[in-house]
2 protein chains.
Amino acid sequence: MATIDDVAKAAGVSKSTVSNVFTKKRPISKGVSDKVLEVSKQLNYKPNYWARTLATKETRIIGLNMQAERIKFSQFHLSLVNGVLHECYGRGYQLLINTLSSDYKNDIQNQVSNPVDGEILMDPAVDDERIKKELSKERPCVVIGKPPKHLDQTLSYIDNDNVGIAYELTSHLLTLGHEKILFLNAAKHKTVALDRAQGFQTAFEDNGKRCPHELILNKTINNTSIEFGYDTAFRFLQERNRITAVIADTDKMALGVYQAASALNITIPKHLSVFAFSDDSVFESEFQPRLSSARLNAEQLGEGAARLLIEQIQENNKLVKRIVIPSEVCHRGSTSTKFLEG
Amino acid sequence: MATIDDVAKAAGVSKSTVSNVFTKKRPISKGVSDKVLEVSKQLNYKPNYWARTLATKETRIIGLNMQAERIKFSQFHLSLVNGVLHECYGRGYQLLINTLSSDYKNDIQNQVSNPVDGEILMDPAVDDERIKKELSKERPCVVIGKPPKHLDQTLSYIDNDNVGIAYELTSHLLTLGHEKILFLNAAKHKTVALDRAQGFQTAFEDNGKRCPHELILNKTINNTSIEFGYDTAFRFLQERNRITAVIADTDKMALGVYQAASALNITIPKHLSVFAFSDDSVFESEFQPRLSSARLNAEQLGEGAARLLIEQIQENNKLVKRIVIPSEVCHRGSTSTKFLEG
DNA sequence: TATTTTAATAAAACCGGTTTAAGATTGGTA
DNA sequence: TACCAATCTTAAACCGGTTTTATTAAAATA
């Protein structure tokens, strides 16, 4: 590729003149400018992205840091990406998706600063290493989900009202007569798990009932969501005084529950009601009957996060903002009133 | 952020020693190396990505260039991204998604070289500007879909057997007794449209029938897929000797067809059979009855493209490869034998 | 006409790394 | 002891832009 020096030489002007023709930071006379552009075209010259970045310290790229089970993203994550991209398009930013393993990143040879103007962090944990790292540099950062409590005042974030949703789902099930409700929650170290557990608990208390803490189970890292859903549901469905309803953290988890129910010849929703936190699901076809769920509006989460981040980058606006994305409960076929034996 | 000079000074060594500690390109004695690493940690130093890239000319980022209707990506595209990401993860690459408008990119101030080691191009057109640009730089490039004919020997690509799929769908409909089959094809300038039209035509000919060229319609740019599906189907369903089957380019288009049929009180599949080229659809819930389709396996397309590209980057392997991803026809509820009046 | 402004261009410094070529130390060998 | 090779370190050049400062020519002012 031709460099700025080649162009300068060929056009008989200095480097800085060529630079100014492209960046328009200083006026260049029409004659000279045209000449430079013509030569550039002939030599197929374009300013080198990284050289420019090194000098200006601006990449016009934002980063999205997300982790996935076995590196296959769920519909929730993909919808979210869609939202982020939509916002990027309108504002002239590109999106860098970073899914590199920490093994890779910890190798000394791969230790480098991040090549972005700012980053979106997903699925924050109670004591999140990534957030600490982000804060130690002074690069803009937006969280999707709720940051650890002590950073609530420090970081902008966008989230669903997870306490509220869990409350609503639980209340609804209680109204339908269910009491033995299994809550398959997110992993313990994720902040979202805390919020949802609280909504679950408060719903019981507000209905004058004891919250069955022993029925709140957190996903473990060793299993996939489907496995965790299957194994746990299977176990609790075999008990004598068995559960009559399940709230699952994701649709994949709910799929495991469906499979467990099927294996035990338990009919949904007649003998078991199932709710999930979910976006529209890709494997909807595998849910028979269709899954009732709280729609989390991932796309809006993504759009909002991108908007927040880019504003922060451009306006150098350190104002901390919090946004709550509404979510609707969709009653489909997997929930019904508690079945009364006999 | 601390720079390499800061670290060198603080550790009492030269720049190049610090550099070699991180890059491991030359041996540095344990004592010195430890000292440098310790100082780096204290100063929170990491090599600057852009500066390193400028010197090494390697970014370890691959690009994905895709366009979407109103910048909302379909399930097909998102699944594809999933595949690309999966492959990136294993190979230590990050993914840069570029959806910038050509307006933006054509602005002189935004004219820059691409900051990636190689690029994946989607949805090639018969006379594709992007491909020309890619080839004029000598950066590795892989196409998803079929490149223009004259570049068939020049570019690696990965594609479905679109001729074959179209043939199969059409033959199946012919077997069911349909003859007036509306083919809602991709936009005329896309190479995929040519392949599918050919499969459609050959199926008719092999069955000893004339191919109804007047029933092949290409999507126009002015409309969204849903609108195009709706408008066109609506028009053809009102004719006297009306169509009895439709093959749609995407599931969104098929959704438009469903809506047109519904508006005209035409029952699917009794009075109208519908097939689509599709991945699993997000709005499956909106299809009643469920949509029969050819599954294009977008995820595999994405994985394969990324693998191909990264191999090309790393091995500097100029060997042109062509990969065909198989696709299966999924018979669901939207197709049936032609309804005989009376 | 002499003096100041203004506009356009150029020269040089800089961004923060890597790489090349040269230099210093050490240990081993003749 | 002198010489060589091996090992480690460094100074300087380089990657390809932007930005600051300097210079020149033309226009405006006194």
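All chains are named by letter (A, B, ...) in the order of the sequence lines, taking the proteins before the strands, and each is independently numbered beginning at 1.
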message: Using a 4.0 Å heavy-atom cut-off, does B:T23 contact any base of the nucleic acid, only the sugar-phosphate backbone, or nothing at all?
response: sugar-phosphate
message: Measure CZ/B:R52 against P/C:dG17 and give the value in whole Å, please.
response: 9 Å
- request: Return the value, rounded to whole Å, for the distance between atom CG of A:N48 and atom P of D:dG17.
  value: 5 Å
message: Any base atoms under 4.0 Å from A:S16, or only sugar-phosphate, or nothing? Heavy atoms, all strands.
response: base
- prompt: Hey, is the side chain of B:S14 poking within less than 4.0 Å of OP1 or OP2 on D:dT9, counting only N and O atoms?
  reply: no
- request: Remember a base hit wins even if backbone is also touched, and classify B:S19 as base, sugar-phosphate or nothing at under 4.0 Å, heavy atoms.
  value: base
query: Rounding to a whole Å, what distance do you find between A:K15:NZ and C:dC15:C1'?
result: 11 Å
task: Kindly say whether the aromatic ring centers of A:Y45 and A:F22 come within a distance under 6.0 Å.
output: yes
message: Under 4.0 Å, heavy atoms only, any strand: does B:T17 hit a base, just the sugar-phosphate, or nothing?
response: base
- request: Could you check whether A:V18 gets within reach of a base, just the sugar-phosphate, or nothing at all, counting any heavy atom under 4.0 Å?
  value: nothing
Rounded distance (Å) that lies between atom C1' of C:dA11 and atom CG of A:N20: 13 Å
- request: Check every strand shown and say whether B:Y45 touches a base, only sugar-phosphate, or nothing at a heavy-atom separation below 4.0 Å.
  value: sugar-phosphate
- request: Give every residue pair that meets the salt bridge (charged side-chain N to carboxylate O under 4.0 Å, His left out) criterion with at least one member in residues 72-92 of chain A, sequence neighbours excluded.
  value: A:K72-B:E299, A:K72-B:E303, A:E87-A:R91, A:E87-A:R307
